**Student:** 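Have a look at this one.
None of these values were measured; they are calculated from a predicted model. Computation of the quantities below employed the complete heavy-atom set of this structure, encompassing side-chain atoms and omitting hydrogens, waters and symmetry-equivalent molecules.
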Amino acid sequence: NNFAQPTSTTAIVNNKERPDIYFFKEEPPIDFVPLDFKITAIGDSLTVGVGAEGNNGGYLNYIKKHLIEEKGIKSIEISNLGKAGIRSDELIKLLKTKDVQSEIQDANLILITIGGNDLMKVVTDHIIKLELTVFERELTLFKQRLRDILSTIEQYNNEASVVLIGFYNPFNEWIGQISEVQLIMEQWTNAGEEIVTEFANAYYVNVADVFATHGQDALYDDYFHPNDFGYELIGKETLDVLLANIDAILSARK
């Protein structure tokens, strides 16, 4: 047998040349193999679910209930690392612990709520004389801490998507009528919107607007934490962002 073997990707069939056939000319769709989806939630009492009735998981329960309907998701596991009262500087320290680092590394999606306690500390520390310059100075520091949080997460896991959920102004009813205060509150509650643009896989959820619309109807008896309705509002706004970016979010496969 002196026939030479073809050396290219051309096959000889019935003495005629034809290109090889490739069955998958494109990547299969992202939901081709449903995913066991791991969510790590970190942050303050909004992650814990303080104010929700019956310990029902707050906004995370809403996310799990509706996100599981996506055909690209087979199961959802949520690791809730929230700590009530935590501020951004404390969250940075928490992120550096081995247990939290491990949970971040294993996640497909990281959800963050932080900032409400930072804002509350500014108000309580300066309650006698609330000056805008104080808010502005502290806001600059808060934004830098947000950068530190997101960059630390990115170092641990640069594949997963990160969703930073903004916070709301709980003081609308008693100081919300002053235009200067309204302006600084808007800057605070939307601080994360600017910061997430600096990171490739990060998204921002604005919840301040829906809480401003619904007022005390969305707040628990302490007029600070959300009630069940408030957590549903957070869940809906967050789910909207997740679904709008679902292909990118599901591409983080572990």
**Student:** Of all the heavy-atom pairs spanning Ile86 and Asn117, show the shortest one and how long it is.
**Tutor:** O-ND2, 2.9 Å

**Student:** Hey, what do you get for CG (Leu67) to NZ (Lys64), rounding to the nearest 0.5 Å?
**Tutor:** 11.0 Å

**Student:** So do Gln187 and Leu183 actually touch side chain to side chain, heavy atoms under 4.5 Å?
**Tutor:** yes

**Student:** With the 4.5 Å side-chain cut-off for hydrophobic clustering, are Ile78 and Val205 part of the same group?
**Tutor:** yes

**Student:** If you round to the nearest 0.5 Å, how far is NZ of Lys71 from CD1 of Ile246?
**Tutor:** 12.0 Å

**Student:** Looking only at heavy atoms, which two atoms of Val210 and Glu237 are closest? And how far apart?
**Tutor:** CG1-OE2, 3.3 Å

**Student:** Taking all non-hydrogen atoms of both residues, which atom of Ile114 and which atom of Phe142 are closest, and how far apart?
**Tutor:** O-CZ, 4.1 Å

**Student:** Should Glu70 and Leu243 be marked as a side-chain contact (heavy atoms from CB on, under 4.5 Å) after you check the CA-CA gap, both sets of side-chain angles, and the distance that decides it?
**Tutor:** CA-CA 9 Å; Glu70 286 298 299; Leu243 296 182; 3.5 Å; yes

**Student:** Considering all heavy atoms of both residues, which atom of Tyr231 and which atom of Pro226 are nearest to each other, and what is their separation?
**Tutor:** CE1-O, 3.4 Å

**Student:** Do Thr47 and Thr113 pair up side chain to side chain, a donor and an acceptor below 3.5 Å, judged on atom types alone?
**Tutor:** yes

**Student:** Counting distance only, does the side-chain N/O of Asn227 pair as donor-acceptor with the main-chain N or O of Asp217 below 3.5 Å?
**Tutor:** yes

**Student:** Counting C-beta onward and ignoring hydrogens, is there a side-chain heavy-atom pair between Leu250 and Phe37 closer than 4.5 Å?
**Tutor:** yes

**Student:** Flag the pair Asn190 / Tyr204 as yes when at least one side-chain heavy-atom distance between them is below 4.5 Å, and no otherwise.
**Tutor:** yes

**Student:** Do the side chain of Thr197 and the main chain of Glu193 share a donor and acceptor less than 3.5 angstrom apart?
**Tutor:** no

**Student:** Once ring pair (Phe, Tyr, Trp, His ring centres under 6.0 Å) is applied, do any residues pair with Phe167, and if so which ones, sequence neighbours excluded?
**Tutor:** none

**Student:** Please report the interatomic distance CD1(Ile68) to NE2(His66), rounded to the nearest 0.5 Å.
**Tutor:** 12.5 Å

**Student:** Between Val163 and Ile110, does the side-chain contact (heavy atoms from CB on, under 4.5 Å) criterion hold? Intermediate values first, please.
**Tutor:** CA-CA 6 Å; Val163 175; Ile110 297 107; over 6 Å; no

**Student:** Between atom CD of Gln105 and atom CD of Glu159, what is the distance when rounded to the nearest 0.5 Å?
**Tutor:** 13.0 Å

**Student:** Is it true that Lys83 and Glu90 have a side-chain N and a carboxylate O under 4.0 angstrom from each other?
**Tutor:** no

**Student:** Do you know which two heavy atoms are closest between Thr40 and Ala107, and how far apart they sit?
**Tutor:** OG1-CB, 3.4 Å

**Student:** Calculate, to the nearest 0.5 Å, the distance between atoms CD and NZ belonging to Gln155 and Lys96 respectively.
**Tutor:** 9.0 Å

**Student:** Side-chain contact, heavy-atom cut-off 4.5 Å: Asp228 with Tyr220?
**Tutor:** no

**Student:** Decide side-chain contact (heavy atoms from CB on, under 4.5 Å) for Lys74 and Leu35; before the verdict, give the C-alpha distance in whole Å, the side-chain angles of both, and the deciding distance to 0.1 Å.
**Tutor:** CA-CA 5 Å; Lys74 182 168 65 176; Leu35 184 64; over 6 Å; no

**Student:** Have a look at Ser88 and tell me which of Asp44, Asp118, Leu141, Ile112 forms a side-chain contact (heavy atoms from CB on, under 4.5 Å) with it.
**Tutor:** Asp118

**Student:** Sort out for me which residue in Val162, Asn201, Leu164 forms a side-chain contact (heavy atoms from CB on, under 4.5 Å) with Val196.
**Tutor:** Leu164

**Student:** Taking the side chain from Asn108 and the backbone from Lys38, do they hold a donor-acceptor pair closer than 3.5 Å?
**Tutor:** yes

**Student:** Do Ile165 and Leu46 touch side chain to side chain, with heavy atoms closer than 4.5 Å?
**Tutor:** no

**Student:** Are Thr97 and Val100 side-chain neighbours, meaning at least one heavy-atom pair lies under 4.5 Å?
**Tutor:** yes

**Student:** For residues Leu119 and Phe135, determine if any side-chain heavy atom of one lies less than 4.5 Å from a side-chain heavy atom of the other.
**Tutor:** yes

**Student:** Per the salt bridge (charged side-chain N to carboxylate O under 4.0 Å, His left out) rule, which among Glu138, Glu198, Glu194 passes with Lys143?
**Tutor:** Glu194

**Student:** Is there a donor-acceptor pair under 3.5 Å between the side chain of Asn158 and the backbone N or O of Glu154?
**Tutor:** no

**Student:** So, does Asp222 use its side chain to make a donor-acceptor pair with the main chain of His225 at under 3.5 Å?
**Tutor:** yes

**Student:** Say you draw a straight line from CD of Gln101 to CG of Asp106; how long is it, rounded to the nearest 0.5 Å?
**Tutor:** 10.5 Å

**Student:** Is a donor on one side and an acceptor on the other found under 3.5 Å between the side chain of Tyr156 and the backbone of Leu95?
**Tutor:** yes

**Student:** So which atom in Phe224 and which in Leu219 form the shortest heavy-atom distance, rounded to 0.1 Å?
**Tutor:** O-CD2, 4.0 Å

**Student:** Could you tell me whether the side chain of Leu94 reaches within less than 4.5 Å of the side chain of Leu91, counting heavy atoms only?
**Tutor:** yes

**Student:** Under 6.0 Å from the CG atom of Asp99, do we count more than 12 heavy atoms belonging to anything else shown?
**Tutor:** no

**Student:** Ignoring hydrogens and angles, tell me if any N or O in the side chain of Asn157 forms a donor-acceptor pair with the backbone of Ala160 under 3.5 Å.
**Tutor:** yes

**Student:** Among residues at least two apart in sequence or on other chains, which ones pass side chain to side chain contact (heavy atoms under 4.5 Å, CB included) with Ser161?
**Tutor:** Leu109, Tyr203, Ile249

**Student:** List in chain and number order the residues that pass ring pair (Phe, Tyr, Trp, His ring centres under 6.0 Å) with Phe229, two or more places apart in sequence or in another chain; answer none if no residue qualifies.
**Tutor:** His214

**Student:** Any donor-acceptor pair under 3.5 Å linking the side chain of Thr213 with the backbone of Asp209?
**Tutor:** yes

